[in-house]
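Quick notes on the structure that follows.
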Amino acid sequence: MNFIPYSKPVLEDEEIQEVVETLKSGWLTTGPKVAQFEADFKSFVGSDYALAVNSATSGLHLALEALGVGQGDKVITTVHTFTATAEVIRYLGAEPLFADIEGDSYNIDPEIVAELLKNNANVKAIMPVHYAGQAANMTRLIELAKQYDVKIVEDAAHALPSTHNGQMVGTIGDITVYSFYANKTITTGEGGMVVTNNKELAERVKVMRLHGINRDVFDRFTSKKPNWYYEVVAPGFKYNMMDMCGALGIHQLRKANRFQEIRESIATRYSDAFVTLPVTTPQISNPSDTHAWHIYVIQLKLDEISISRDEFIEKMSDFGVGTSVHYIPLHRMPYWRDNYHLNNEMFPKSSFISDRIVSLPNFASMTDEEVERVIEVVSIILNKYQKA
Ligand SMILES: *Cc1c(COP(=O)(O)O)cnc(C)c1O
């Protein structure tokens with residue numbers, strides 16, 4: 001039997017042809033493919049600006065930088081995320097303030113955010129993560145951001161496409177950042193996109209993603225300066241996207257809705273099949289919203305079974321099914337735990353969930369047989385180890 005991976009990128013002939021064409025064109029770095037990908041992305045999301053970068057991590061860094069986050073500032077985020085969300089706060093010398101999550105959505109708990117805002121000065125921004133592709137409670141977070149005059153940077157690494165109350169993620173907070181890492185909902189190998197409706201923020205991101213170079217400083221119509229001329233206005237970064245990646249992105253984006261529909265139908269099949277098993281299936285906050293279903297996460301009911309989560313994962317692998325854990329939370333990572341004096345008691349929901357969650361295979365090229373086999377394997381293991 002073939003091993004079913006937890007995740008697999010879905011690249012088809014169009015992507016391959018576009019990359020070959022790019023290679024033959026002689027233009028490898030940021031160029032026409034990236035420009036087209038940005039234009040397409042902007043209209044897909046419905047935002048005013050879309051700026052391609054070489055990773056979501058770079059994009060999150062640029063987003064906070066554009067907001068002026070720096071030494072002495074604080075940024076609120078969730079512990080239940082990948083370290084990239086929080087590390088960019090440290091890149092700028094600012095300090096993270098960590099919030100626990102909601103027990104059902106696994107998204108940042110806005111009422112804990114409210115507490116942190118009340119008890120801390122110098123908070124500059126809130127960084128929610130749309131966990132698994134289900135939008136965080138943006139309505140409440142926006143309300144809090146207005147009340148305390150802070151900005152919102154959304155980590156939308158899982159959230160293409162997702163909506164909150166019918167509104168597309170990417171058009172809600174101040175800046176939103178997507179990831180096109182190999183296992184994300186669409187991929188450019190490595191890549192990311194910064195999206196905003198704010199002209200000043202977009203201009204700053206654009207300048208800082210490429211060495212702080214500004215080519216728009218002079219008036220295009222009156223200036224006599226030749227096109228080799230540019231000005232360096234800040235010590236920027238090298239975060240631009242290559243045209244080979246843009247070439248992939250153009251075609252991946254056209255498939256984003258199809259891929260989402262497939263992942264959603266797999267998720268529905270899983271949840272229907274698991275109703276009688278000792279697991280909690282994903283809880284949907286708002287059924288009318290689009291859930292990107294980047295990951296499908298079950299929570300084992302440990303008091304009803306005689307194996308641990310880690311043993312469950314091992315048995316899944318023995319049966320040829322790959323899984324993952326999203327996430328080992330940041331309060332259990334040595335750097336964050338030790339430097340910020342974090343412990344399990346401070347984050348009861350994330351701690352409880354982290355001991356019990358497993359992400360199952362859910363990617364757009366999964367066959368019916370593969371989905372059936374995952375269901376079968378999960379059922380066999382949980383039935384076998386269910387307590388009487
Ligand atoms: C993947 C991921 C990132 C980082 O994305 P890169 O494009 O690899 O930098 C950040 N946050 C979350 C929640 C992610 O899943």
Side-chain angles (χ1 to χ4, degrees), residues 6-9 34 37 41 50-65 75-91 96 98-99 101-102 105-108 125-136 138 152-162 169-170 173 175-195 205 209 237-242 244-246 248-249 252-253 256 263 291-297 323-331 333 335-336 350 353-354 357 359 362-363:
Y6 147 71
S7 170
K8 195 157 74 178
V34 168
F37 183 34
F41 202 89
L51 296 144
V53 285
N54 61 357
S55 75
T57 307
S58 305
L60 291 166
H61 182 194
L62 292 171
L64 292 182
E65 200 278 338
V75 176
I76 297 172
T77 193
T78 165
V79 281
H80 206 82
T81 186
F82 184 55
T83 191
T85 318
E87 76 193 22
V88 297
I89 301 167
R90 295 293 304 125
Y91 288 4
F98 291 107
I101 49 173
E102 301 172 329
S105 71
Y106 308 172
N107 275 318
I108 195 166
I126 310 168
M127 293 176 83
V129 175
H130 302 300
Y131 181 87
Q134 170 158 255
M138 291 306 295
I152 298 187
V153 173
E154 294 164 65
D155 181 338
H158 301 183
L160 187 74
S162 302
V169 165
I175 310 190
T176 302
V177 181
Y178 295 88
S179 173
F180 312 126
Y181 182 68
N183 67 10
K184 295 290 156 72
T185 62
I186 69 167
T187 186
T188 60
E190 297 279 3
M193 193 72 78
V194 180
V195 157
V205 168
R209 76 174 164 181
F237 306 98
K238 183 67 166 65
Y239 283 169
N240 57 304
M241 176 182 272
M242 296 192 297
M244 281 102 84
C245 299
L248 292 174
Q252 288 275 293
L253 185 64
R263 291 191 305 271
H291 186 322
W293 290 109
H294 167 54
I295 48 176
Y296 180 90
V297 181
T323 56
S324 190
V325 173
H326 295 92
Y327 290 94
I328 305 166
L330 299 185
H331 64 275
M333 293 296 181
Y335 173 76
W336 300 112
S350 173
I353 287 156
S354 300
I357 46 175
S359 305
N362 185 14
F363 50 92

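Indexing begins at 1, ligand by ligand and atom by atom, following the structure's order. It should be emphasised that the depicted structure is a prediction, and the values quoted were computed from it without experimental measurement.
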Can any side-chain N or O of Thr185 pair as donor or acceptor with the backbone N or O of Leu160 at less than 3.5 Å?
yes

How many angstroms lie between atom CG of Asn240 and atom CG of Asn54, to the nearest 0.5 angstrom?
7.0 Å

Taking the six-membered ring for Trp, is the centroid-to-centroid distance between Phe180 and Phe41 below 6.0 Å?
yes

What pairs with Glu65 under salt bridge (charged side-chain N to carboxylate O under 4.0 Å, His left out), at least two apart in sequence or on another chain?
Arg204

Under the 3.5 angstrom rule, does the side chain of His130 hit a backbone N or O of Ala136 as a donor-acceptor pair?
yes

Quick one: sort the His158 and His294 rings into parallel, tilted or perpendicular, breaks at 30° and 60°.
tilted

Which atom pairs, nitrogen or oxygen on both sides, join ligand 1 and the protein at under 3.5 angstrom?
| from | atom 1 | to | atom 2 | distance (Å) |
| --- | --- | --- | --- | --- |
| ligand 1 | 5 (O) | Ser179 | OG | 3.2 |
| ligand 1 | 7 (O) | Ala56 | N | 2.9 |
| ligand 1 | 7 (O) | Ser179 | OG | 2.7 |
| ligand 1 | 9 (O) | Ala56 | N | 3.3 |
| ligand 1 | 9 (O) | Thr57 | N | 2.8 |
| ligand 1 | 9 (O) | Thr57 | OG1 | 2.5 |
| ligand 1 | 11 (N) | Asp155 | OD1 | 3.4 |
| ligand 1 | 11 (N) | Asp155 | OD2 | 2.7 |
| ligand 1 | 15 (O) | His158 | NE2 | 2.9 |
| ligand 1 | 15 (O) | Lys184 | NZ | 3.1 |
| ligand 1 | 15 (O) | Tyr327 | OH | 3.1 |

